[in-house]
Asks: 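Pasting a structure below so you can have a look.
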Amino acid sequence: MTPEEEDDLLEKAAERFGTPCFVYFTERIEQRIALLRENFGERLELSYAVKANPNPTLLAWLSGAIDRLDISSAGELRLAQEAGWNPALLSFTGPGKREAEISEAIRAGVGHLVLESLREARLADRIARQAARVQPVLLRISPESLPRGFGDQMAGRPTHFGIDIEDADEAIAEIQSLPGLLLAGFHIYAGTQCLKPEVIAETYRHLLTIFGRLCSVHGVVPDMLVMGSGLGVPYHEGDTALDLSVVATALHRELAVLRENPRFARTRMVLELGRYLVSEAGYLVTRVISTKVSRGRRIAICDGGMNNHLPASGHFGMVVRRNYRMHRIGKAPDGPCAPLDVVGPLCTSIDRLASGIVLPRIEEGDLLAVHNSGAYGLTASPVHFISHPLPEEILVMAGSLLRATRVPGRISSPDDPVRVIDAAHPAAANQNA
């Protein structure tokens, strides 16, 4: 799909559903999955971290397109089940699992419970034995170090995630003694948002070394080993997209060495993905309510802001604020570009989507598209602050617009005539309203 075709669909979505709204292009996700399969083949299974974008319609669409889901709460467990996912294909991570959540996950038949502490192990053991089950578990390990180059690195410092590698041997011994649990492997996710393929490849080598040592020392024949991908996306001007082939070439060599050990001959290697899978497939579409000049600075005030897209405002893990990419929708350049501040409608000075971003002249009524909004957008944002209406969510599937706004107990389907709008036939859209 060309940028012009995408803009046409973004404009139609804004006209039909109003703004602000989130629009996700499934074609882009398909292309990303194809790229991953092309580079990694059957060597790695793909797991999607639901926290990146838990839209129920998106989860249903992903069923069959990827191998597994990673969930982090009982709420995400229920979303996955409602979307048609087999609980056996789910792993449950998260450092603050409540007893009721662990019980619900075990009784639902979650494939792997990812243990982040011995407290969780002891709780899960008791619950599993009470249910007359043996629950497969993965132990999450916090490494001592990782190569530099990650947007957020959790290794080598105090962390609430997983078991420190220094304490792993003692923890593994206790877990192996619990009759309600089966230690099926290990999980490491200690760094995110890296755009340097050599750094990611070095990290994977390090993780495989840790897996190999722990399994050998403790006699574990792992069913599954999970690596957090750390694969980054180019949020900002000047960012270079990750060359996945460099990562894949290095990883293939390391996996071949690992597979030479019979202990790992049947181990399922899993790559956990979040933003890399869906971020670049989505846009936040917001309309300019008004423009003004304040002390020589031109400002566009929009109907969507920090309450809809906290990450783009720079308040979601960004140390030094940088603008997300954005563009004006559906209008050819009509003059020189100039710096612009883009802000939202909230009564706070931190409601800012861009500072000094260079765009064509923006006027009242223009539509702006904030790129990289497919992950950590709507559900990572303070949507109830100042009580503005919640944005609609739309999936673009085969050139049609599918309303995918979360409605409790209902998941949109391409066969739902009320919610599908054929972008090529606006008249049909009006009849479906």
Asks: Assess the side chains of Asp169 and His218: does a donor N or O sit below 3.5 Å from an acceptor N or O?
Replies: yes

Asks: Quick test of your reading: applying salt bridge (Lys or Arg N to Asp or Glu O under 4.0 Å), list the pairs with at least one residue in residues 24-35, sequence neighbours left out, ordered by first then second residue.
Replies: Glu6-Arg28, Arg32-Glu280

Asks: Does a side-chain N-to-carboxylate-O contact under 4.0 Å join Asp7 and Arg328?
Replies: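 The answer is no: the pair does not qualify as a salt bridge.
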
Asks: Using a strict 4.0 Å threshold on nitrogen-to-oxygen distance, state whether Arg325 and Glu237 make a salt bridge.
Replies: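 Here Arg325 pairs with Glu237 in a salt bridge, since their nearest N and O are under 4.0 Å apart.
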
Asks: I'd like to check the salt bridge (charged side-chain N to carboxylate O under 4.0 Å, His left out) partners of Glu104; sequence neighbours left out, ordered by chain and number.
Replies: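 Testing Glu104 for salt bridge (charged side-chain N to carboxylate O under 4.0 Å, His left out), a comparison that skips the adjacent residues, returns Arg78.
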
Asks: Before accepting this row, confirm whether a basic side-chain N of the pair Glu15/Lys12 lies closer than 4.0 Å to the acidic partner's carboxylate O.
Replies: no

Asks: Pick out which of Tyr235, Phe316, Tyr324 makes a ring pair (Phe, Tyr, Trp, His ring centres under 6.0 Å) with His309.
Replies: Tyr324

Asks: Output all residues satisfying salt bridge (charged side-chain N to carboxylate O under 4.0 Å, His left out) with Glu202, sequence neighbours left out; order by chain, then residue number.
Replies: none

Asks: With sequence neighbours excluded, tell me which residues meet salt bridge (charged side-chain N to carboxylate O under 4.0 Å, His left out) with Glu198.
Replies: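 Partners of Glu198 by the salt bridge (charged side-chain N to carboxylate O under 4.0 Å, His left out) criterion come out as none, since no residue qualifies.
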
Asks: Would you list the pairs meeting side-chain hydrogen bond (donor to acceptor under 3.5 Å, both in side chains) in which at least one residue belongs to residues 254-269, sequence neighbours left out?
Replies: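 Found Asp223-Arg268.
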
Asks: Does Asp366 have any salt bridge (charged side-chain N to carboxylate O under 4.0 Å, His left out) partners at least two apart in sequence or in another chain, and if so, which?
Replies: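 Checked Asp366 against salt bridge (charged side-chain N to carboxylate O under 4.0 Å, His left out); matches are Lys331.
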
Asks: Which of these passes side chain to side chain contact (heavy atoms under 4.5 Å, CB included) with Phe186: Ile210, Leu138, Val226, Ile172?
Replies: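 Testing each of Ile210, Leu138, Val226, Ile172 against Phe186, the sole residue satisfying side chain to side chain contact (heavy atoms under 4.5 Å, CB included) is Ile172.
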
